[in-house]
Amino acid sequence: MSDPDRVVLKVEGVTKHYGHVQALRGVDFEIRAGEVVGLVGDNGAGKSTLVSVLSGAAAPTAGRITFEGEDVSLSDPSHARDLGIETVYQDLALALDIPIWANLFLGRERRARGLWGLLGFLDRRGMIREAEEELKTTRIRIGSVRARTSALSGGQRQAIAVARAVSRGSRFVLMDEPTAALGVEQQHRVGELVQSVAERNVPVLLISHNLPQVRELCDRVLVMYRGRIVADLDPKVESVETIIGWITGSALEGQL
């Protein structure tokens with residue numbers, strides 16, 4: 001459930017230039033705690049550039065980003081992660097030849113206490129235990145966390161990528177085309193996972209071309225067109241055809 005009183009992320013007048021090309025043209029929107037907000041648009045609308053800016057992969061040319069009430073300058077992806085902004089990409093960035101629990105702690109491995117830690121040994125038992133607890137909390141069913149990640153289905157791998165993002169203490173999750181390569185059943189599982197993240201009061205920005213799923217999962221839908229947010233729609237009210245009209249620009253009637 002969303003918290004209408006707490007704005008987690010606020011974007012004001014954000015622009016991005018690549019030489020003479022202006023990819024973002026004064027983007028404005030905000031997301032509240034526990035909201036699932038869809039971001040849709042045609043190819044070249046600026047979605048990928050906006051994700052790059054919010055994840056710290058690209059610096060905006062101008063504009064203001066406020067996160068948890070404070071102005072932030074996202075200098076790089078590690079800075080964004082330190083703030084609690086996690087991005088889950090379509091390629092997932094999982095290491096398939098290691099166990100599931102190791103993927104959940106990839107890049108933040110925990111050393112054992114005392115002398116063993118000083119010698120470089122890892123706290124495998126502790127990480128395995130926490131991995132099991134995290135998957136239980138997010139209602140992910142994958143069997144043993146000791147199994148190799150390569151043995152998982154596409155939907156299960158996506159679930160692990162999201163669980164890793166949430167387990168890092170995320171306060172905001174970006175999901176870039178999470179179901180693009182998945183079947184119907186796996187898409188449904190990812191949808192359940194998105195909802196479980198929102199139930200933890202963590203907002204989700206869901207970038208997707210899957211309009212039926214966006215309408216099902218999202219509280220609001222932002223439509224990008226030529227580098228701008230041109231519509232903020234209620235997906236429970238607006239039809240797919242109406243959303244497509246905004247995506248293609250036919251609903252703008254010469255406004256831009």
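Bear in mind that the values here come from a model prediction, so they are computed numbers and not experimental data. These values consider heavy atoms only, across backbone and side chains, with no hydrogens, waters or symmetry-generated copies.
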Would you check if I243 and L233 make a side-chain contact, meaning some heavy-atom pair closer than 4.5 Å? yes

Any residue meeting side chain to side chain contact (heavy atoms under 4.5 Å, CB included) with T15, in chain and number order, not counting sequence neighbours: H17, Q22, T61, A62

Side-chain donor or acceptor of K10 paired with backbone N/O of G69 under 3.5 Å: no

pair I247-L211: side-chain heavy atoms closer than 4.5 Å: yes

Decide side-chain contact (heavy atoms from CB on, under 4.5 Å) for V27 and L24; before the verdict, give the C-alpha distance in whole Å, the side-chain angles of both, and the deciding distance to 0.1 Å. CA-CA 7 Å; V27 173; L24 300 179; 4.1 Å; yes

Distance in Å, E199 CD paired with Q195 CD, rounded so as to fall on 0.5 Å steps: 7.0 Å

Between M127 and F105, the two heavy atoms sitting closest are O-CE1, 3.2 Å

Considering all heavy atoms of both residues, which atom of C218 and which atom of G38 are nearest to each other, and what is their separation? SG-N, 3.4 Å

Can you tell whether the side chains of E86 and R171 come within less than 4.0 Å, N to carboxylate O? no

Between V204 and F172, is a side-chain contact (heavy atoms from CB on, under 4.5 Å) present by the stated rule, with each step listed? CA-CA 6 Å; V204 177; F172 177 65; over 6 Å; no

Listed partners of E30 passing salt bridge (Lys or Arg N to Asp or Glu O under 4.0 Å), at least two apart: R32

Distance (rounded to the nearest 0.5 Å) between K236 NZ and E238 CD: 12.0 Å

Between V230 and M224, is any pair of side-chain heavy atoms under 4.5 Å apart? no

Y225 side chain reached by D42 side chain, heavy atoms, under 4.5 Å: no

Smallest heavy-atom separation, S55 atom then T87 atom, equals CB-OG1, 3.2 Å

Do R110 and E130 come close enough that some side-chain heavy atom pair is under 4.5 Å? yes

Rounded to the nearest 0.5 Å, the CD atom of E241 sits from the CD1 atom of I244 at a distance of 6.0 Å

Hey, is the main chain of Q156 close enough, under 3.5 Å, to the side chain of S153 for a donor-acceptor pair? yes

Across all chains, not counting sequence neighbours, the side-chain hydrogen bond (donor to acceptor under 3.5 Å, both in side chains) partners of S250 are T248

side-chain contact (heavy atoms from CB on, under 4.5 Å) for R6 and N201? Distances and angles first, verdict last. CA-CA 10 Å; R6 182 162 69 91; N201 228 24; 3.6 Å; yes

What residue pairs, at least two apart or across chains, pass salt bridge (charged side-chain N to carboxylate O under 4.0 Å, His left out) with a residue in residues 51-64? E12-R64, R64-D71

Please name all residues satisfying side chain to side chain contact (heavy atoms under 4.5 Å, CB included) with D232, sequence neighbours left out, ordered by chain then number. R220, L222

Which atom names give the shortest non-hydrogen contact between V221 and P235, and what distance separates them? CG2-CB, 3.7 Å

Looking at residues at least two apart in the chain, or sitting in another chain, which of them share a salt bridge (Lys or Arg N to Asp or Glu O under 4.0 Å) with R146? E132

Distance, nearest 0.5 Å, that separates CG of L205 from CD1 of I85: 11.0 Å

Pairwise distance CG(D28) to CZ(R228) - rounded to 0.5 angstrom: 10.5 Å

Could you tell me whether the side chain of I128 reaches within less than 4.5 Å of the side chain of E133, counting heavy atoms only? no

Would you check if V14 and V11 make a side-chain contact, meaning some heavy-atom pair closer than 4.5 Å? yes

Checking D82 now: which residues fulfil side-chain hydrogen bond (donor to acceptor under 3.5 Å, both in side chains) with it, not counting sequence neighbours? none

Using the test side-chain hydrogen bond (donor to acceptor under 3.5 Å, both in side chains), find all partners of N210 that sit at least two apart in sequence or belong to another chain. Q187

Between CG on residue L74 and CG on residue D76, distance to nearest 0.5 Å: 9.0 Å

For W101 and A131, which heavy atoms make the closest approach, and how far apart are they? CB-CB, 3.8 Å

Locate the shortest heavy-atom distance separating G56 from A80; write the atom from each residue and the value. N-CB, 4.4 Å

Just by distance, do the side chain of K47 and the backbone of V223 share a donor-acceptor pair under 3.5 Å? no

Would a hydrophobic clustering, with Ile, Leu, Val, Met, Phe, Trp and Tyr connected at side-chain separations under 4.5 Å, put V240 with V40? yes

T242 and S239: side-chain donor and acceptor closer than 3.5 Å? yes

Evaluate the side-chain contact (heavy atoms from CB on, under 4.5 Å) criterion for residues I160 and L135: first the C-alpha distance (whole Å), next the side-chain angles of each, then the deciding distance (0.1 Å), finally the verdict. CA-CA 8 Å; I160 295 303; L135 296 189; 4.1 Å; yes

Would you say the side-chain atoms of R157 pair up with the backbone N or O of L152, donor to acceptor, closer than 3.5 Å? yes

Taking side chain to side chain contact (heavy atoms under 4.5 Å, CB included) as the definition, give me every residue that meets it alongside S48, ordered by chain and number, with sequence neighbours left out. none

V72 side chain near T66 side chain, heavy-atom distance below 4.5 Å: no

Among residues at least two apart in sequence or on other chains, which ones pass side chain to side chain contact (heavy atoms under 4.5 Å, CB included) with I98? A95, A102, N103, L106

Counting only N and O atoms by type, is there a donor-acceptor contact under 3.5 Å from the side chain of K16 to the main-chain atoms of L50? no

Applying salt bridge (Lys or Arg N to Asp or Glu O under 4.0 Å), can you list everything that pairs with R215, at least two apart in sequence or on another chain? none

